[in-house]
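Excluded from the calculations below are hydrogen atoms, water molecules and symmetry mates; all remaining heavy atoms, backbone and side chain alike, are included.
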Amino acid sequence: MKENVKDFLNACDDLINCKYLVAEYKIQRMLKILANSDEICSLVGECLEQFNRDREFAKAYIQDGNGDFVYICPSEEYKVLALVFCTLVDIDNKKIDFVDFIKRFFGREEVPFQAFLQEMIVPFRNLIADVFGEERLVNEEQATGEESEESIDETDDDSEESEDESEDEDSEEEREDSEDDFEFAQKIAVQILTQLEFSKQDECTENIMQICRAIVKTSSLKDEDVMFGLVYALKHCKNKQVKYLMKELIELFY
């Protein structure tokens with residue numbers, strides 16, 4: 001067991017210390033080693049069982065108030081493991097364009113690729129190391145210091161996220177009494193657009209995004225016929241990545 005875990009952690013370290021141009025190869029190698037470790041597979045599998053992929057991707061990869069895309073790390077450890085794992089698998093399977101992903105969500109940082117490594121790969125690697133009693137990275141103290149300096153902003157983001165979660169939960173309760181279904185549909189459409197924005201584009205994905213943009217633009221009209229037509233069109237599109245969000249949206253008007 002120890003050797004498998006150490007091999008995986010070494011593969012993580014290779015990725016963390018590699019150059020940008022070979023990062024996708026390092027990710028592929030890291031995932032192959034993970035697949036050969038029953039212990040790590042079991043750990044990740046347990047995390048995935050509790051993980052709502054669509055909802056957590058929509059919370060982690062968002063647009064801020066300025067319209068810029070940002071990555072918000074989950075507060076729960078199991079969500080970090082599941083989210084990073086799913087993201088890396090999507091990158092390896094070319095469902096996510098790696099170059100576009102780095103530019104989009106870490107492009108505002110001085111060194112976007114290093115920001116990706118520090119914010120996603122280092123926590124992922126060290127959480128697994130903790131579970132199996134292995135050492136954290138040598139530079140973890142420095143990394144922790146950098147994160148603690150940013151923790152004020154991240155805590156604010158997390159609290160805002162928590163507030164957003166509370167608002168979402170409250171909105172679901174209010175919707176039974178007074179919330180406008182059109183406004184709720186607009187929120188879901190924005191979530192779908194945010195999640196699909198950095199995914200690999202095909203005709204079906206483009207159709208879903210076009211429909212959701214139309215929902216965002218026309219929701220203020222509060223026209224049930226218009227919304228029914230858009231939802232009907234959405235019903236005939238398929239995308240596993242956002243299928244639960246689409247189902248939630250369709251059920252509002254269909």
Side-chain angles (χ1 to χ4, degrees), residues 48 50-72 74 79 82-83 86-87 90 93-97 100-101 103-105 107 157-254:
L48 290 172
Q50 310 172 61
F51 187 69
N52 186 321
R53 187 185 189 281
D54 289 345
R55 188 172 295 277
E56 297 305 328
F57 264 55
K59 290 178 181 178
Y61 302 120
I62 67 172
Q63 279 182 289
D64 63 16
N66 298 319
D68 295 318
F69 288 93
V70 294
Y71 166 67
I72 304 296
K79 289 184 180 180
L83 177 77
C86 289
T87 301
D90 283 354
N93 292 333
K94 308 302 181 185
K95 291 182 179 179
I96 292 177
D97 183 285
D100 181 67
F101 177 78
K103 288 181 179 178
R104 189 178 299 274
F105 291 100
D157 287 340
D158 288 340
S159 62
E160 288 176 6
E161 182 181 346
S162 297
E163 289 175 5
D164 289 341
E165 289 181 25
S166 299
E167 288 175 3
D168 288 341
E169 292 172 0
D170 292 339
S171 66
E172 290 178 3
E173 295 176 1
E174 291 172 4
R175 216 160 43 81
E176 296 179 358
D177 300 321
S178 61
E179 190 191 52
D180 193 332
D181 282 347
F182 293 96
E183 292 180 4
F184 191 62
Q186 185 182 54
K187 291 179 183 178
I188 299 174
V190 169
Q191 280 188 308
I192 292 173
L193 286 168
T194 299
Q195 191 159 329
L196 293 180
E197 190 69 30
F198 62 93
S199 65
K200 186 176 180 180
Q201 300 297 303
D202 54 30
E203 184 177 357
C204 187
T205 300
E206 290 175 357
N207 288 340
I208 293 171
M209 293 180 71
Q210 186 173 14
I211 292 168
C212 287
R213 283 193 290 268
I215 289 174
V216 172
K217 291 178 180 178
T218 61
S219 59
S220 61
L221 298 175
K222 303 186 186 302
D223 189 315
E224 290 188 1
D225 291 335
V226 171
M227 190 61 71
F228 178 84
L230 292 171
V231 167
Y232 181 81
L234 189 65
K235 188 175 184 293
H236 290 78
C237 299
K238 295 187 183 297
N239 187 294
K240 292 182 179 180
Q241 189 175 340
V242 292
K243 65 179 180 180
Y244 295 111
L245 290 172
M246 288 172 59
K247 182 175 182 291
E248 190 173 3
L249 178 53
I250 290 167
E251 288 177 350
L252 283 173
F253 295 94
Y254 190 81

K.L.:
What I want to check is whether the side chains of Thr87 and Asp90 have a donor and an acceptor closer together than 3.5 Å.
P.N.:
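Note: Thr87 and Asp90 side chains miss the donor-acceptor criterion.
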K.L.:
Can you tell me how far apart SG (Cys212) and CD1 (Ile192) are? Round to the nearest 0.5 Å.
P.N.:
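Rounded to the nearest 0.5 Å, the SG-CD1 separation comes to 4.0 Å.
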K.L.:
Determine the minimum heavy-atom distance between Ala185 and Ile215, stating which atoms define it.
P.N.:
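That would be O-CG2, 4.0 Å.
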K.L.:
Assign the ring pair Tyr61 / Phe101 to parallel, tilted or perpendicular, where the plane angle (0 to 90°) is split at 30° and 60°.
P.N.:
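Ring orientation, 0 to 90° scale: perpendicular.
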K.L.:
Between Lys243 and Met246, is there a side-chain heavy-atom distance shorter than 4.5 Å?
P.N.:
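A side-chain contact under 4.5 Å is absent here.
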K.L.:
Hey, could you give me the CD1/CG distance between Ile208 and Asn239, rounded to the nearest 0.5 Å?
P.N.:
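That separation rounds to 4.5 Å.
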K.L.:
Excluding sequence neighbours, so at least two apart, what forms side chain to side chain donor-acceptor pair (under 3.5 Å) with Asp225?
P.N.:
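Result, side chain to side chain donor-acceptor pair (under 3.5 Å) vs Asp225: none returned.
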K.L.:
Please report the C-alpha distance between Asp223 and Thr218 in whole Å, then the side-chain angles of each, then the deciding distance to 0.1 Å, and finally whether the side chain to side chain contact (heavy atoms under 4.5 Å, CB included) criterion is met.
P.N.:
CA-CA 8 Å; Asp223 189 315; Thr218 61; over 6 Å; no
K.L.:
Over all heavy atoms of both residues, which pair between Val216 and Ala189 is shortest? Give the atoms and the distance, please.
P.N.:
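Val216 and Ala189 have their closest heavy atoms at CG2-CB, 3.8 Å.
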K.L.:
Does any part of the side chain of Ile72, heavy atoms only, come nearer than 4.5 Å to the side chain of Lys59, both counted from C-beta?
P.N.:
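In short, these two side chains do not touch, never coming nearer than 4.5 Å.
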K.L.:
Say you draw a straight line from CG of Asp68 to CZ of Phe105; how long is it, rounded to the nearest 0.5 Å?
P.N.:
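The CZ atom of Phe105 is 11.0 Å from CG of Asp68, to the nearest 0.5 Å.
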K.L.:
If you take all heavy atoms of Lys238 and Cys204, which pair is closest and at what distance?
P.N.:
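Heavy atoms of Lys238 and Cys204 come nearest at O-SG, 2.9 Å.
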K.L.:
Output the distance between atom CD (Gln50) and atom CD (Glu56), rounded to the nearest 0.5 Å.
P.N.:
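Answer rounded to 0.5 Å: 11.0 Å.
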K.L.:
Find the distance between CZ (Phe69) and NZ (Lys103) and round it off to the nearest 0.5 Å.
P.N.:
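Going from the CZ atom of Phe69 to the NZ atom of Lys103 covers 15.0 Å.
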K.L.:
Taking Lys95's backbone N and O only, do any of them form a donor-acceptor pair with Asn93's side chain (distance below 3.5 Å, no angle check)?
P.N.:
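No, because the side chain of Asn93 does not come within donor-acceptor range (under 3.5 Å) of the backbone of Lys95.
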K.L.:
Over 60° means perpendicular and under 30° means parallel, so classify the ring planes of Phe51 and Phe57, tilted if in between.
P.N.:
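The arrangement is perpendicular - the two ring planes meet at more than 60°.
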K.L.:
Please check if atom NZ in Lys217 has more than 12 non-hydrogen atoms from other residues, nucleotides or ligands closer than 6.0 Å.
P.N.:
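Counting other residues, nucleotides and ligands, NZ of Lys217 stays at 12 neighbours or fewer.
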K.L.:
Are Arg213 and Gln210 close enough, and set up right, to give a side chain to side chain contact (heavy atoms under 4.5 Å, CB included), and what steps lead you there?
P.N.:
CA-CA 5 Å; Arg213 283 193 290 268; Gln210 186 173 14; 4.1 Å; yes
K.L.:
Do the two ring centres, one from Phe253 and one from Phe182, sit under 6.0 Å apart?
P.N.:
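Phe253 vs Phe182: aromatic centres under 6.0 Å.
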K.L.:
Can you tell me how far the CG atom of Leu252 sits from the CD1 atom of Ile188, to the nearest 0.5 Å?
P.N.:
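If we round to the nearest 0.5 Å, Leu252:CG and Ile188:CD1 are 5.0 Å apart.
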K.L.:
Please indicate whether Phe228 has more than 12 foreign heavy atoms, meaning atoms of other residues, nucleotides or ligands, lying under 6.0 Å from its CZ.
P.N.:
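Yes, CZ of Phe228 has more than 12 neighbouring heavy atoms, counting only those of other groups under 6.0 Å.
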K.L.:
Is the CD atom of Glu203 crowded by more than 12 outside heavy atoms at less than 6.0 Å?
P.N.:
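Incorrect, the count does not exceed 12.
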